[in-house]
Amino acid sequence: MPYIFPEDDEEGRCKTLGFTWRCKTSDVKSAPMGKAVCDQDLGVKPGISNRVYFINIGKGTIFHICDDRGCDLSAASPETISGVDKRYNGRIFDDDRPEIEKRFIGYL
């Protein structure tokens, strides 16, 4: 695939590789992996410079650590993540709040 960060590849020599790993939660050390994603953004070594998604097929959720500022959590239905929204509501970016609240009408 084309490189996902073309601004970092002026010569056009980089490619994006994608793969999936079907595993159990116990197989993955998600906290160190999340820290490595954030560390890359802060220039700390070692770091992960690619996009990492945690997909829970059973719960119908996708968790993506964007960078050191935060993450995205997507779900098949609002009910699936309404508890997360209640617990971490104070951490939602103010710019994102109106859209999130609109989607959770009746679930909050």
Side-chain angles (χ1 to χ4, degrees):
M1 297 184 301
Y3 193 53
I4 59 174
F5 304 111
E7 65 276 6
D8 295 335
D9 183 35
E10 294 176 6
E11 291 85 35
R13 290 184 278 164
C14 296
K15 298 285 182 209
T16 297
L17 302 175
F19 67 93
T20 60
W21 176 32
R22 188 177 189 106
C23 59
K24 296 177 183 170
T25 305
S26 60
D27 296 334
V28 179
K29 295 182 179 178
S30 57
M33 191 176 294
K35 184 179 181 318
V37 171
C38 295
D39 285 350
Q40 172 65 30
D41 207 46
L42 296 170
V44 177
K45 303 288 182 196
I48 297 175
S49 63
N50 294 300
R51 295 180 180 166
V52 177
Y53 297 87
F54 295 99
I55 302 169
N56 186 322
I57 295 170
K59 291 183 178 180
T61 58
I62 300 172
F63 183 77
H64 172 229
I65 302 169
C66 304
D67 54 29
D68 63 307
R69 296 170 293 168
C71 62
D72 291 323
L73 176 60
S74 302
S77 69
E79 298 94 354
T80 305
I81 57 174
S82 64
V84 173
D85 182 63
K86 289 175 187 172
R87 183 173 178 184
Y88 296 103
N89 191 280
R91 296 185 181 187
I92 296 172
F93 290 128
D94 288 336
D95 292 346
D96 295 335
R97 189 172 305 283
E99 181 65 25
I100 291 171
E101 288 176 353
K102 182 173 78 175
R103 292 179 185 268
F104 279 92
I105 291 174
Y107 295 102
L108 295 176

(message) Let's go through M33 and I65 carefully: what are the C-alpha distance in whole Å and the side-chain angles of both, what is the deciding distance for side chain to side chain contact (heavy atoms under 4.5 Å, CB included) to 0.1 Å, and is it a yes or a no?
(response) CA-CA 10 Å; M33 191 176 294; I65 302 169; over 6 Å; no

(request) Grab the two heavy atoms, one from I81 and one from A75, that are nearest each other, plus how far apart they are. (result) CG2-CB, 3.7 Å

(request) Could you state whether F54 and Y88 fall into the same hydrophobic cluster, counting links through intermediate Ile, Leu, Val, Met, Phe, Trp or Tyr residues with side-chain heavy atoms under 4.5 angstrom apart? (result) yes

(request) Provide the closest heavy-atom pair for V52 versus H64 in the form atom of the first, atom of the second, distance. (result) O-CD2, 3.2 Å

(message) Count I, L, V, M, F, W, Y as connected when their side-chain heavy atoms are under 4.5 Å apart, and connections chain through other members. Are L17 and Y53 then in the same cluster?
(response) no

(request) Could you list the residues that satisfy side-chain hydrogen bond (donor to acceptor under 3.5 Å, both in side chains) with K29, not counting sequence neighbours? (result) none

(request) Kindly give the heavy-atom pair with the smallest separation between G58 and N56, and that separation in Å. (result) N-OD1, 3.1 Å

(request) Can you measure from CG (D95) to CZ (R97) and round to the nearest 0.5 angstrom? (result) 10.5 Å

(message) If you compare all heavy atoms of D72 against all heavy atoms of C66, which two are closest, and at what distance to 0.1 Å?
(response) OD2-SG, 3.3 Å

(request) Taking the side chain as every heavy atom from C-beta outward, state whether T16 and R51 have any pair of such atoms under 4.5 Å apart. (result) no

(request) Determine the minimum heavy-atom distance between W21 and D27, stating which atoms define it. (result) CH2-O, 3.4 Å

(request) Identify, with sequence neighbours excluded, every residue that meets side-chain hydrogen bond (donor to acceptor under 3.5 Å, both in side chains) alongside E11. (result) R13

(request) Could you tell me which non-hydrogen atom of P46 sits nearest to which non-hydrogen atom of D39, and how far apart they are? (result) O-CB, 3.8 Å

(request) Determine, using the 4.5 Å side-chain heavy-atom cutoff (strictly less than), whether L73 and I92 are members of one ILVMFWY cluster. (result) yes

